There are 2 protein chains.
Amino acid sequence: MELTTAEENYLKAIYHLSDGGKKSVSTNDIAAEIKTKPASVSDMLRKLGDKEVIEYRKYYGVNITEEGKKRALGTIRKHRLWEVFLVEKLQFAWDEVHEVAEELEHIQSPLLIQRLDAYLNYPKFDPHGDPIPDEFGDVKARPRVALNEMELEQTGQIVAVKDSSAAFLRYLDKVGAYIGARIKVLDKVEFDGSLEILVDQKKTLFMSKDVAANILVQQS
Amino acid sequence: MELTTAEENYLKAIYHLSDGGKKSVSTNDIAAEIKTKPASVSDMLRKLGDKEVIEYRKYYGVNITEEGKKRALGTIRKHRLWEVFLVEKLQFAWDEVHEVAEELEHIQSPLLIQRLDAYLNYPKFDPHGDPIPDEFGDVKARPRVALNEMELEQTGQIVAVKDSSAAFLRYLDKVGAYIGARIKVLDKVEFDGSLEILVDQKKTLFMSKDVAANILVQQS
DNA sequence: ATATATTTTTAGCCTATCCTAAAATCGAAA
DNA sequence: TTTCGATTTTAGGATAGGCTAAAAATATAT
């Protein structure tokens with residue numbers, strides 16, 4: 001059964017909020033995510049339930065079905081492939097692509113996506129470092145490495161810290177290295193293993209090997 | 001003022017049916033073009049009139065305004081740029097691109113189109129040989145040449161015949177060289193000036209120089 | 001355990017776009 | 001010029017998606 005653009009957007013939101021289908025999701029949370037009113041969400045949930053892409057029990061939130069998961073992953077795949085296209089071929093900055101990809105992801109043409117995928121050389125990750133599901137909906141888990149183990153020029157996103165003491169987090173905060181920050185290794189000093197890092201394509205930052213060893217990066 | 005997808009489609013249809021704004025267009029003709037009912041067209045014409053992209057006098061058909069022309073040309077530009085992309089970059093056949101381009105043409109992002117244009121190296125014609133309006137809505141008139149004057153490998157579309165005798169047309173019909181046919185010069189025989197032509201990317205066709213001299217081609 | 005607060009749903013309404021059936025208008029022929 | 005056929009518009013209704021206000025159900029706190 002065909003989904004409308006609005007339905008695809010709801011399903012994608014539910015997929016994300018449910019952490020890939022692991023948790024159930026509330027009406028209010030969906031409304032906040034989609035920037036719409038809870039009443040509108042209730043309406044849509046009834047429809048998505050009828051189409052069996054979610055399991056909907058009134059007042060108890062929704063769970064995404066296997067079919068729904070497949071659909072959501074299809075939309076996510078399209079979104080991320082378009083993001084790669086925009087950044088790699090059309091020179092968009094990585095933070096300019098989201099809105100346009102939001103539109104492009106609803107174009108209906110399996111052939112188009114197949115060809116685009118090939119044209120981009122079957123990328124596994126989008127410009128934000130998020131994995132691109134393959135045509136079957138399988139996603140490649142992104143390897144996580146300690147920042148000090150990364151090579152020159154490599155890029156990634158800070159996803160976790162090993163040392164979560166207040167002191168360490170306060171330090172990270174001060175230098176502007178938050179969870180989610182996009183980083184690139186600009187330099188590694190042989191002598192002491194300290195690094196020069198580009199954060200969010202804006203500011204550079206020096207850190208010791210010890211600090212870097214406590215920062216986990218999801219590579220792109 | 002923003003136009004919806006439906007409004008853009010109506011405007012594009014009116015633009016084409018009016019031969020670029022030269023003639024006025026009837027409700028019935030629009031309905032046929034859009035594959036909708038005349039009653040729906042009346043509705044939409046009122047709206048487009050309110051938005052001043054057409055001039056609408058009940059019962060007397062519509063004329064497109066300058067503003068409307070500009071909008072229509074913008075949509076046509078996007079459509080044709082996407083067609084070039086699909087054919088040149090994603091290896092679509094020239095007759096597979098229309099439906100997808102119908103969807104892509106409604107993506108709203110001036111930056112996207114600007115970048116796409118540059119990426120495609122500012123093409124002047126789409127894969128069907130139709131001219132691509134520039135960002136100001138100006139279109140380059142396509143030169144027409146006699147088929148016998150074309151060079152090897154050149155492509156184009158048959159747009160007219162010099163000799164329109166029944167005999168000649170019957171001959172063209174027999175060999176499958178109709179007005180609108182997409183052709184490519186595969187070979188030119190030095191000795192007698194006869195040609196080998198690829199028609200519609202499917203069948204090849206041999207013709208004498210005399211025949212070719214009577215066929216006018218719009219080059220791409 | 002009951003009262004209150006929060007969440008969710010329902011009811012009713014709006015706009016966009018489409019439809020069918022009926023009414024209005026136009027234009028051409030007698 | 002009157003009438004008749006074709007075209008066009010209007011009227012009224014459907015569906016998709018959104019909104020507000022009010023009702024209903026659930027969750028929480030005393």
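Not measured: the values here are computed from a predicted model. Lettering follows sequence order; numbering is per chain, from 1. Computed over heavy atoms, backbone and side chain alike; hydrogens, waters and symmetry mates excluded.
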Visitor: Rounded to whole Å, please give me the gap between NZ in A:Lys37 and P in D:dA22.
Guide: 16 Å
Visitor: Which nucleotide in the list D:dT9, C:dA11, C:dT17 gets nearest to the side chain of A:Ala39?
Guide: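 From the listed options, C:dA11 comes nearest.
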Visitor: Classify the ring geometry between A:Phe85 and B:Trp82 as parallel (under 30°), tilted (30 to 60°) or perpendicular (over 60°).
Guide: tilted
Visitor: Round to the nearest Å and state the distance from B:Asp29 atom CG to D:dT8 atom P.
Guide: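 Nearest whole value for this atom pair: 8 Å.
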Visitor: Please determine if A:Lys47 forms a cation-pi arrangement with A:Tyr10, meaning its NZ or CZ atom is less than 6.0 Å from the six-membered ring centre and no more than 45° off the ring axis.
Guide: no
Visitor: So, is A:Thr36 close to the D:dC19 phosphate, meaning a side-chain N or O under 4.0 Å from OP1 or OP2?
Guide: yes
Visitor: Just checking A:Thr27: base, sugar-phosphate only, or nothing, at a heavy-atom cut-off of under 4.0 Å?
Guide: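 Sugar-phosphate contact only.
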Visitor: Tell me the interatomic distance from A:His106, atom NE2, to D:dA16, atom C1', rounded to whole angstroms.
Guide: 15 Å
Visitor: OP1 or OP2 of D:dA16 versus the side-chain N and O atoms of A:Tyr10: is any pair under 4.0 Å?
Guide: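 For D:dA16, OP1/OP2 do not have a side-chain N/O of A:Tyr10 under 4.0 Å.
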Visitor: Tell me what A:Ala6 touches on the nucleic acid: a base, only sugar-phosphate, or nothing, going by heavy atoms under 4.0 Å.
Guide: sugar-phosphate
Visitor: Distance alone, cut at 3.5 Å: any donor-acceptor contact between the side chains of B:Glu33 and B:His16?
Guide: no
Visitor: Establish, with yes or no, whether the OP1 or OP2 oxygen of D:dG17 is under 4.0 angstrom from a side-chain nitrogen or oxygen of A:Lys47.
Guide: yes
Visitor: Does a side-chain N or O from B:Lys58 land closer than 4.0 Å to OP1 or OP2 of C:dC26, or not?
Guide: no
Visitor: Expressed as a whole number of angstroms, how long is the span from B:Asp43:CG to C:dT15:C1'?
Guide: 12 Å
Visitor: Does the pair B:Glu67/B:Lys70 count as a salt bridge with the N-to-O cut at 4.0 Å?
Guide: yes
Visitor: Does a nitrogen or oxygen in the side chain of B:Tyr59 sit under 4.0 Å from OP1 or OP2 of C:dA23?
Guide: no
Visitor: Pick base, sugar-phosphate or nothing for B:Ser40, based on heavy-atom distances below 4.0 Å to the nucleic acid.
Guide: base
Visitor: How many Å lie between CZ on B:Arg57 and C1' on D:dT8, as a whole number?
Guide: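 Distance, rounded to whole Å: 14 Å.
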Visitor: For B:Leu3 and C:dA16, what is the distance between atoms CG and P respectively, to the nearest whole Å?
Guide: 13 Å
Visitor: Tell me: CG of A:Asn9 to P of D:dA16, nearest whole Å?
Guide: 17 Å
Visitor: Please confirm whether the backbone N or O of A:Ser42 pairs with a side-chain atom of A:Thr27, one donor and one acceptor, at under 3.5 Å?
Guide: no
Visitor: Taking the nucleotide of DNA chain D with the nearest heavy atom to each, does B:Asn28 or A:Tyr60 sit closer to the 5' end?
Guide: B:Asn28
Visitor: So, is B:Ser26 close to the D:dT7 phosphate, meaning a side-chain N or O under 4.0 Å from OP1 or OP2?
Guide: no
Visitor: To the nearest angstrom, how far is A:Met44 atom CE from D:dT15 atom P?
Guide: 16 Å
